[in-house]
Amino acid sequence: MSEFLEFRNVSKRFGAIQAVDGVSLGIKKGEFFSLLGPSGCGKTTMLRLAAGFEYPDTGQVILDGADITDLSPNKRKVNTIFQSYALFPHLNVWENIAFGLRVAKRSKRDIETEVEAMLRLIRMGDQAGKKPDQLSGGQKQRVAIARALINKPQVLLLDEPLAALDLKLRQRMLIELDMIHDQVGITFLYVTHDQGEAMSLSDRIAVMDSGRIEQVGSPAEIYETPRTSFVAAFIGDTNFLEGEVTGLVESEYCQVKIADIPGVICFNDKSMKPGNPVYLSIRPEKIHISRDRPEESRLRNIVPAVVEDMIYLGSTTKYWVRTHGLRVQVLRQHFRFFLDEKPIRWNDDVWIWWHGDDGFMLDRYRAVDEHLVALPPRKVGEPEDNNEKP
Amino acid sequence: MRRSRFPFIVTMAVLFFFYLPIIILIVNSFNASRFESGWQGFSLMWYKRLFHEPEIWRAARNSLLIAAAATAVSLVIGTTAAIALHRFARSRLQRFHFGLVYTPLVVPEILMGISLLMLFVTAGVELGLFTIFLAHVTFCISFVAMTVLARLQDFDESIVEAAQDLGAGWWATTRRVLLPMLLPGLIAGGLLAFTLSIDDFVITFFVAGPGSTTLPIRVYSMIKYGSPPLINALSTILLVLTFTAVAASQRLSRSRH
Amino acid sequence: MKRESRQKVRESLVSFPSLFWLSLFFIVPTLFVFAIALKPANPYGGIGSGWTWDNLRSLVNPNYLAVAWRTLWISVLSAAVCIVLATPIGYYLARVTARWKGFFLMLIIVPFWTNFLIRIFAWKVLLHPEGAIKKALAFSGLIGPQTSLLYNAGAVVLVTVYTFLPFTILPIYAAAEKFDFQLLEAARDLGAKRLQAFAKVFLPGIRRGLITAVLFVFIPALGSYVIPDIVGGPSGEMIGNKIAQRVFVDRNLPQASALSIVLILSVLAPLVTVLVLQRKRDKPESLL
């Protein structure tokens, strides 16, 4: 399928800040597409470029084959859900929803039928006469959605629409958004810094950083095969181990020397050559931990370690173990509580192991990313980033 | 921590200081005595006298006329100024524009009065109600612009964007979103302009001609040359009028919410 | 680009009315004041032809200098008294509960809905030889029966304070409202005495409000005309009175213009000082 909404080599600068830096991106018709990244990464600017609130310095924005780069916002068939909802305070719910049709000078009867239909869609028929300041956060959100959808946009732009809601409501609205997307079947461009939202809603995600796109892919692709260390660190937790490729194993794997661990086996999707310096990234939940030495197996890396810190998290326990001078984070799911099993404790000698396919190599590691990497806490009990996982 | 009583005492003392002259003035307006020397019984004679002073009524009519006209014109010009200052805030022209709108607020009235007088004299414009009107519009513009601008700056910027996003062009955004949301600001600005115009003495005094007496000018000449009890009565009437007007406008703005 | 030029057209259209009006009735008249100060007066109360320095030269006249000096000290003293009174009030209003706050603010603003002239007149009545204050003071023996409360510089300061005090209370209150009063507790906790905490933490915290408040009294006080005219008498005259006398008594507009230039410059001086100082102190904010 061809691209429906397309950014072609788009750049935008605000004073000294390069908000968007030569981005090319295509979004398909009917897709739920997310722009994910930390604040200031340029994702909101991308959305505003699509809406027409900003115009790019260079590049083009194409919608359904037509160049809309210079079109003013009121002439674009896209509508926006604002982070603050931006409901008109002087108009009631009904009039807010009707706004787009009134401006378009539609007939009175048309407006009435369509507004009623929208009120049914958002299940707020009985609240039609209320002013925005009498509504709860979730209701405002629904009115904002109805107001945008009534114009039958080709693309709906959502700017962190759930950021202002509390956790419970956010989860409910998440499901509701998903349902609305299925019902109306239009293209959604969703901007968020919350990977949980992006992962659960999106068909595809573009991870952005410093005005550039780091990776585009399905949620699973982004999580399982991050292309850069930024993506690996931003989405979920990971261990970064510095090493060097020492040899190739079969054709698809290679051996990596990390600290003084000689032959760590890793899937070689980036066709690294021996001598190549690399970063090996392994997600904590992909590493197994046990008191007993596991069986040797092909492509399995087994390393002895000592437990330094641990945090009990209910459904899981997080361990920080030291091996060959490295600190490695391990996440262990509690499957069953064996009364006779002796639990792993501080300073215990343990074995950790992972499959060669579960690590991935990254050839680039920037100091900028460091703050995003979940560094092991210096002492137990220190608060840490609780990166939600899908 | 125990708090000092000192700020409370100062506040009370100053409130007493604020009200003392006004209360004495109101009381004296009902005093039968011609001088302030003592209470000689309750009387409404000064109020009755006031009704037989045609000049006061003529002056009041002039004042109302000028205030209404100056309010209408300054409301339009001040609001467009505020919209320009808000919408194009970052441009160089608007930085100059802001300075131009702001300066009349800090310049002492007498300077504005004398400079306008110089303009009118040089240009050969006959001093009278028209020159007073021009002067009043000039200082009211700044007050209206600042009031409306404050209101504009309180807006959630994305509301204007939302209107455009939903298909409203420049004019529709202004008419359907900007102006209705500005209405309380416009009312406040209008009331302010009206009060300032009705109250102004200094500037008016400089640009008024013979026969174009406004109420404050009339009050001034009464203070200088007239009988004090009449002024007491007039002041009390004005006081009651302002009170009712302000109370009404506040009730109005509260019920709008 | 087309889009940008359309924006420019729109901007100039919306800015035009106020730019035009204020240029014509504010900038041009001010320039006229400067021009007319260099013109001779004609005997019919108008402006003569040719150019002259005489008006400006005549400003160096002991009579004018005395008036200028008085104008300055009356303004400084009035501003000082206003600040001293307004600061504790602003502090009090910021700390009192919301209901009382509204009530007190109302009480402070209400008297100033009355006409400016009437408020001055009310004081004239009070200070009058037959008035209440004079009688009370004379009765208590604080002043002699011959002492006049009216028609002197002291009366001008009193009425100036009365007139401008609310305009100093409001900015100080606004600044105090934003002040974090836990800072005072922190200062006390660290060993500061009550007054020390007030002077070293509260006052610097409301600096901007204080500066605004000073300007709100000082600048209009410099240009005072009606207050000294009604309660000042000859010993309370200020520059404003001199300007008015030149206009209304001798009908010497060039001379009035020359005096106005002095006033314009003396008003600009504190404004520019404050702007420069603020720009130095907080660089990033000055960009706004």
Side-chain angles (χ1 to χ4, degrees), chain B residues 1 4 6-8 10-11 14-15 17-19 21-22 24-25 28 35-37 76-78 80-81 83-84 87-88 91 93 97 100-101 104 106-111 114-119 121-122 134 137-138 141 145 199 201-202 206 216 219-220 223 228 231 235 238-239 242-243 246, chain C residues 10-11 14-15 17-19 21-22 25-30 32-33 36 46-47 85 88-89 91-92 104 107-108 111 113-119 121-126 128 130-132 162 165 185 188 194 215 219-220 222-223 225-226 230 240 243 247 253 256-257 260 263-264 267 271:
Chain B
M1 190 166 71
S4 165
F6 180 70
F8 172 75
V10 174
T11 307
V14 164
L15 282 175
F17 172 63
F18 279 173
Y19 281 88
I22 294 174
I24 291 195
L25 185 136
N28 269 333
F35 304 101
E36 324 289 320
S37 48
V76 173
I77 301 179
T80 56
I83 290 176
R87 262 248 189 129
F88 308 99
S91 90
L93 176 69
H97 190 193
L100 188 57
V101 173
V106 288
V107 167
E109 287 187 293
I110 191 167
L111 286 178
I114 189 128
S115 58
L116 282 169
L117 173 69
M118 298 300 168
L119 174 77
V121 166
T122 321
L134 293 177
V137 172
T138 308
I141 286 175
D199 258 3
F201 168 70
V202 178
F206 276 87
V219 170
Y220 176 77
I223 290 174
I231 308 168
S235 312
L238 289 178
L239 207 65
T242 356
F243 262 99
V246 174
Chain C
R10 217 169 262 167
E11 176 179 358
V14 187
S15 314
S18 47
L19 280 175
W21 190 287
L22 292 175
F25 293 109
F26 187 70
I27 298 182
V28 171
T30 309
F32 271 38
V33 169
I36 290 172
I47 296 147
L85 291 175
I89 298 175
Y91 176 91
Y92 180 71
F104 279 126
L107 277 186
I108 288 169
W113 289 340
T114 50
N115 184 284
F116 171 59
L117 291 165
I118 289 172
R119 270 175 280 144
F121 170 72
W123 274 104
K124 186 181 172 181
V125 170
L126 266 180
H128 201 264
E130 302 283 325
Y162 182 78
L165 191 49
E185 284 168 13
R188 295 295 300 276
R194 202 198 310 255
L215 292 182
I219 289 177
L222 283 175
Y225 153 58
V226 186
I230 295 177
I243 296 176
V247 173
L253 296 184
S257 294
S260 302
L263 188 51
I264 291 174
V267 165
L271 270 181

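Just so we're on the same page: letters track the sequence lines, and every chain starts at 1.
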Part of C:L126 lying under 4.5 Å from any heavy atom of chain B: side chain
Which portion of B:V202 sits near chain C, non-hydrogen atoms under 4.5 angstrom: side chain
Heavy-atom closest pair, residues C:P29 and B:S115: CB-O, 3.2 Å
C:P111 vs C:R119 side-chain heavy atoms within contact, under 4.5 Å: no
Separation between CG of B:L15 and CZ of C:F104, rounded to the nearest 0.5 Å: 6.5 Å
Heavy-atom proximity to chain C below 4.5 Å, by part of B:L116: both
Aromatic contact, B:Y220 with B:F201 (centres under 6.0 Å): yes
Side chain, backbone, both or neither of B:L100 within contact of chain C (heavy atoms, under 4.5 Å): both
Top contributor to chain B contacts, counting heavy-atom pairs under 4.5 Å, from C:F32, C:F116, C:Y162: C:Y162
Chain B contacts, top residue of C:G223, C:P88, C:A256 (heavy-atom pairs, under 4.5 Å): C:P88
Partner chain C: residue of B:F6, B:F243, B:F88 with the largest heavy-atom pair count (under 4.5 Å): B:F88
B:V107 portion near chain C, given a 4.5 angstrom heavy-atom threshold: side chain
Best-contacting candidate, B:L111, B:L93, B:I22, against chain C by heavy atom pairs under 4.5 angstrom: B:L111
Proximal component of C:L271, with respect to chain B [non-hydrogen, under 4.5 Å]: side chain
Heavy-atom contact with chain C under 4.5 Å, split by part of B:I223: both
Test side-chain contact (heavy atoms from CB on, under 4.5 Å) applied to B:T138 - qualifying residues, sequence neighbours left out: B:M112, C:W21, C:L22, C:F25
Student check: side-chain heavy atoms of C:L263 and C:L222 closer than 4.5 Å: yes
Residue pair C:I108 / C:I89, side-chain heavy-atom distance below 4.5 Å: yes
Heavy-atom proximity to chain B below 4.5 Å, by part of C:L117: both
Contacting region of C:L85 [heavy-atom separation from chain B under 4.5 Å]: both
Pick from C:L253, C:V33, C:I27 with the largest number of heavy-atom pairs that fall under 4.5 Å of chain B: C:L253
Taking every non-hydrogen atom, the tightest pair across B:T80 and C:P17: OG1-CG, 3.9 Å
Selection from B:V101, B:I231, B:V76 maximising heavy-atom pairs under 4.5 Å formed with chain C: B:I231
CA sep, side-chain torsions, deciding dist, call: C:W123, C:I230, side-chain contact (heavy atoms from CB on, under 4.5 Å): CA-CA 10 Å; C:W123 274 104; C:I230 295 177; over 6 Å; no
ring-ring contact (aromatic ring centres under 6.0 Å, His included) against B:F8, all qualifying residues, sequence neighbours excluded: C:Y92
Contacting moiety of B:L134, where chain C heavy atoms sit under 4.5 Å: both
